Visitor: 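Have a look at this one before I ask anything.
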Amino acid sequence: KMQRQIDELQLDLLHLHARVAEEEQSGAVVTAERETLRSQLDTLRQSSEHQILQAHEELETMRAQIRDKDTRLDSRWHDLENLRLQLKTADAASTQLQGAEKGARDIIASLREQLKSSLEKVRTQADQLTVTTTDFEAGTLEVATASSRAARLE
């Protein structure tokens, strides 16, 4: 009976050794898997850190581009405001120029009327001068004729 208990205990011991060997092998597998997972985790961590840094750099680049575009937009807005001011000034100058042009046309029309009036007066005076000259020549002829008669009569 004792032998049998010894045999059973030896058999149990063999089973335990087998189980311990199995557990050790399983533990080695788990340890290997754990190391593989740690390695993958480290790789993922490094990769994600690299991606985060790269995304941060891209974000900074985009911010710089936005600031540059914002500055250019402000400059263009300022240029547009200057153009609007120049347009208002040009519009005011155009209005003044139109007023001056109308004034010049009025002055030219007035000068034309004065010139026509003066020309009419000159024509009238020329006609009178012609009549006077004709009268003077006729009078001179009469004086010459009278003088010539008087000289003959003498």
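Small disclaimer: the values here were computed from a predicted structure and weren't measured.
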Visitor: Using the rule given for side-chain contact (heavy atoms from CB on, under 4.5 Å), can you reason through E60 versus H56, listing the C-alpha separation, both sets of side-chain angles and the distance that settles it, and then say yes or no?
Guide: CA-CA 6 Å; E60 286 303 314; H56 183 69; 3.9 Å; yes
Visitor: Can you tell me how far CG of L41 sits from CD of Q46, rounded to the nearest 0.5 angstrom?
Guide: 10.0 Å
Visitor: Would you say T95's side chain and D91's backbone share a donor-acceptor pair under 3.5 angstrom?
Guide: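 Checked: pair present.
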Visitor: Does any donor atom in the side chain of H78 or N82 lie under 3.5 Å from an acceptor atom in the other side chain?
Guide: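 Note: H78 and N82 side chains meet the donor-acceptor criterion.
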Visitor: Measuring from Q51:CD to L44:CG, what's the distance to the nearest 0.5 Å?
Guide: 9.0 Å
Visitor: Test of understanding: with side-chain hydrogen bond (donor to acceptor under 3.5 Å, both in side chains), list the residues that count as partners of R76, not counting sequence neighbours.
Guide: none
Visitor: Indicate yes or no: does R45 engage E49 in a salt bridge with an N to O separation below 4.0 Å.
Guide: no
Visitor: Could you tell me which residues satisfy salt bridge (Lys or Arg N to Asp or Glu O under 4.0 Å) with E22, sequence neighbours excluded, listed by chain and number?
Guide: none
Visitor: Which residues satisfy the side-chain contact (heavy atoms from CB on, under 4.5 Å) test with K69, sequence neighbours excluded?
Guide: R72
Visitor: Rounded to the nearest 0.5 Å, what's the gap from CG on D70 to CZ on R67? Could you check?
Guide: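 Output value for this atom pair is 10.0 Å.
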Visitor: Checking E120 now: which residues fulfil salt bridge (Lys or Arg N to Asp or Glu O under 4.0 Å) with it, not counting sequence neighbours?
Guide: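 For E120, the residues satisfying salt bridge (Lys or Arg N to Asp or Glu O under 4.0 Å) (neighbours in sequence not counted) are R123.
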Visitor: Quick one: hydrophobic cluster around L80, which other residues, with the 4.5 Å side-chain cut-off, linked directly or via members?
Guide: W77
Visitor: Using a 3.5 Å distance criterion without hydrogens, assess whether the side chain of T36 forms a donor-acceptor pair with backbone atoms of A32.
Guide: yes
Visitor: Are the charged groups of D106 and K102 less than 4.0 angstrom apart, N to O?
Guide: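 So D106 pairs with K102 through a salt bridge.
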Visitor: Would the distance check show the side chain of S75 and the main-chain N or O of T71 forming a donor-acceptor pair, the cut-off being under 3.5 Å?
Guide: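 Such a contact is absent between S75 side chain and T71 backbone.
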Visitor: Could you measure the distance from the CG atom of L11 to the CD1 atom of I6? Nearest 0.5 Å is fine.
Guide: 13.5 Å
Visitor: Given a cutoff of under 4.5 Å between side-chain heavy atoms of I, L, V, M, F, W and Y, with clusters grown through shared members, what are the other residues clustered with L111?
Guide: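 Traced through the cluster, L111 reaches I107.
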Visitor: Hey, could you give me the CD/CG distance between E8 and L13, rounded to the nearest 0.5 Å?
Guide: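 Between E8 CD and L13 CG, I get 13.5 Å after rounding to 0.5 Å.
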Visitor: For the CG atom of L16 and the CD atom of Q10, what is their distance to the nearest 0.5 Å?
Guide: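 Reported to 0.5 Å precision, the distance equals 13.0 Å.
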Visitor: Using atom types as modelled and distance alone, determine if a side-chain donor or acceptor of T43 lies under 3.5 Å from a backbone N or O of S39.
Guide: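 Yes; at least one donor-acceptor contact below 3.5 Å.
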